[in-house]
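Here's the structure we're looking at; comments come further down.
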Amino acid sequence: MSTQPARATPDVDTRIGVLIRARRKQLGLTLQQLGEASGLSVGYLSQVERDNATPTLGSLAGIARALGVGLDYFVAQPRAEDGLTRAESRQQFSIAGSSIIYERLGTEFPGSQLSSFVLTVPPGYSSETVSHEGEELIYILEGTITQYLDGEEMVMKAGDSLHYRGNTPHAWKNTTDIPARLLWTGTLTVFGANGQANNRIELVSPDKSSGKPTRKTKSNS
């Protein structure tokens with residue numbers, strides 16, 4: 001009876017370079033910035049990102065630290081069931097100072113860029129006007145939302161959707177007397193390296209002298 005030789009390679013070939021590049025781009029870091037944070041040269045990091053060089057465990061730890069993730073980010077294989085949520089058991093939460101109720105639909109895995117939530121917006125709610133990196137797509141599930149995009153007003157009802165660049169000043173409100181529910185999906189990076197809230201979300205306030213929006217970086221405090 002023959003025996004099979006021991007496996008010399010893993011079942012799944014993880015392309016670390018692709019994941020490093022995706023995470024770096026997600027955080028808006030240049031190779032130079034990543035090199036300074038990790039103590040590695042730009043040339044070496046470029047080789048690693050193209051999978052032309054294999055980092056040592058020490059080098060990979062430095063890269064992971066600079067990108068605000070653990071080593072398992074580059075080697076863990078997500079399970080299909082980790083991305084499954086059930087309507088009856090999905091956790092709801094709210095953010096301090098906001099009356100919106102959120103249900104998180106997405107999960108996180110190496111290389112993921114999308115975030116997705118179901119939002120329940122109470123009557124009379126009005127958001128700030130913001131501008132940020134990435135893109136957004138909203139789909140109205142129930143009720144009515146008035147969306148403002150670069151100064152243009154759009155009344156959206158159940159079944160309507162809108163896809164736009166995040167750097168276009170935008171805001172929305174529920175002007176009705178019933179709650180509205182919407183599906184929000186986007187590539188906005190909520191947390192940056194080391195778990196700190198990113199500073200790429202900008203409040204856009206009216207310039208009283210010209211009537212045009214002016215941008216102010218939102219504080220992380």
Side-chain angles (χ1 to χ4, degrees), residues 18-34 36-37 49 66-69 94-100 102-121 125-141 144-157 160-175 180-221:
V18 173
L19 298 178
I20 292 174
R21 178 180 175 82
R23 177 64 176 172
R24 177 175 65 80
K25 292 290 188 179
Q26 186 181 37
L27 297 178
L29 299 176
T30 65
L31 275 174
Q32 181 67 39
Q33 290 171 320
L34 179 57
E36 293 173 354
E49 285 196 353
L67 294 175
V69 296
S94 60
I95 299 174
S98 174
S99 55
I100 293 180
Y102 296 83
E103 297 178 46
R104 185 175 181 178
L105 302 181
T107 187
E108 293 183 0
F109 52 82
S112 65
Q113 298 184 42
L114 289 178
S115 296
S116 188
F117 300 87
V118 170
L119 281 60
T120 300
V121 186
Y125 177 86
S126 180
S127 78
E128 299 167 322
T129 301
V130 297
S131 177
H132 55 75
E133 63 182 6
E135 56 186 299
E136 296 186 23
L137 188 152
I138 60 174
Y139 178 87
I140 309 303
L141 300 170
T144 301
I145 288 292
T146 301
Q147 175 81 28
Y148 300 91
L149 187 63
D150 201 18
E152 182 177 350
E153 177 180 314
M154 291 166 279
V155 178
M156 301 177 62
K157 300 182 178 181
D160 294 343
S161 67
L162 180 65
H163 186 192
Y164 52 92
R165 293 180 183 272
N167 60 6
T168 303
H170 55 278
W172 41 272
K173 63 174 62 176
N174 180 359
T175 61
R181 296 180 73 243
L182 62 92
L183 170 65
W184 179 95
T185 299
T187 57
L188 173 62
T189 303
V190 179
F191 293 98
N194 302 319
Q196 298 297 316
N198 77 58
N199 60 357
R200 298 186 181 88
I201 301 176
E202 297 181 322
L203 298 182
V204 181
S205 59
D207 183 336
K208 295 181 180 179
S209 61
S210 64
K212 298 180 180 180
T214 57
R215 298 177 182 174
K216 297 188 290 184
T217 300
K218 186 174 183 179
S219 171
N220 289 331
S221 58

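Residue numbers count from 1 along this sequence.
- Going from atom CD of Glu36 over to atom CG of Leu29 covers 10.5 Å, rounded to the nearest 0.5 Å.
- Between His163 and Glu136, the shortest heavy-atom distance links the atoms CD2-O, 3.0 Å.
- In this structure, CG in Leu119 is found 12.0 Å from CG in Asn174, a value given to the nearest 0.5 Å.
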Please step through side-chain contact (heavy atoms from CB on, under 4.5 Å) for the pair Met156 and Ile138, ending with a clear verdict. CA-CA 10 Å; Met156 301 177 62; Ile138 60 174; 4.0 Å; yes
Assess whether side-chain contact (heavy atoms from CB on, under 4.5 Å) is satisfied between Leu31 and Glu49, documenting all intermediate values. CA-CA 10 Å; Leu31 275 174; Glu49 285 196 353; 3.6 Å; yes
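- Atom CD in Glu153 sits 5.5 Å away from atom OG1 in Thr146 (nearest 0.5 Å).
- Thr185 places no side-chain N or O within 3.5 Å of a backbone atom of Leu137 that could act as its donor or acceptor partner.
- In terms of heavy atoms, Ala171 sits closest to Glu128 at CB-O, 3.5 Å.
- Considering CG of Leu162 and OH of Tyr139, their distance stands at 13.5 Å, rounded to 0.5 Å.
- With hydrogens and angles ignored, the 3.5 Å screen pairs no side-chain donor or acceptor of Arg24 with any backbone N or O of Leu34.
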Begin from the C-alpha positions of Tyr125 and Ile100 and carry the test side-chain contact (heavy atoms from CB on, under 4.5 Å) through to its verdict. CA-CA 8 Å; Tyr125 177 86; Ile100 293 180; 3.5 Å; yes
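- A distance-only check finds a donor-acceptor pair linking the side chain of Ser131 to the backbone of Asn167 [under 3.5 Å].
- Scanning both residues, Trp172 and Ile145, for their nearest heavy atoms gives CB-CG2, 3.8 Å.
- The OG1 atom of Thr129 sits 10.5 Å away from the CG atom of Leu149 when rounded to the nearest 0.5 Å.
- Residues Tyr164 and Gln147 are in side-chain contact: their nearest non-hydrogen atoms beyond the backbone lie under 4.5 Å apart.
- Shortest non-hydrogen contact noted between Leu27 and Leu67 is CD1-O, 3.5 Å.
- Classification of Glu103 and Arg181 as a salt-bridged pair holds, one side-chain N sitting under 4.0 Å from a carboxylate O.
- Side-chain contact between Met154 and Asp160 is absent, with no heavy atoms from C-beta onward closer than 4.5 Å.
- Across all non-hydrogen atoms, the minimal contact from His170 to Thr168 is ND1-O, 2.6 Å.
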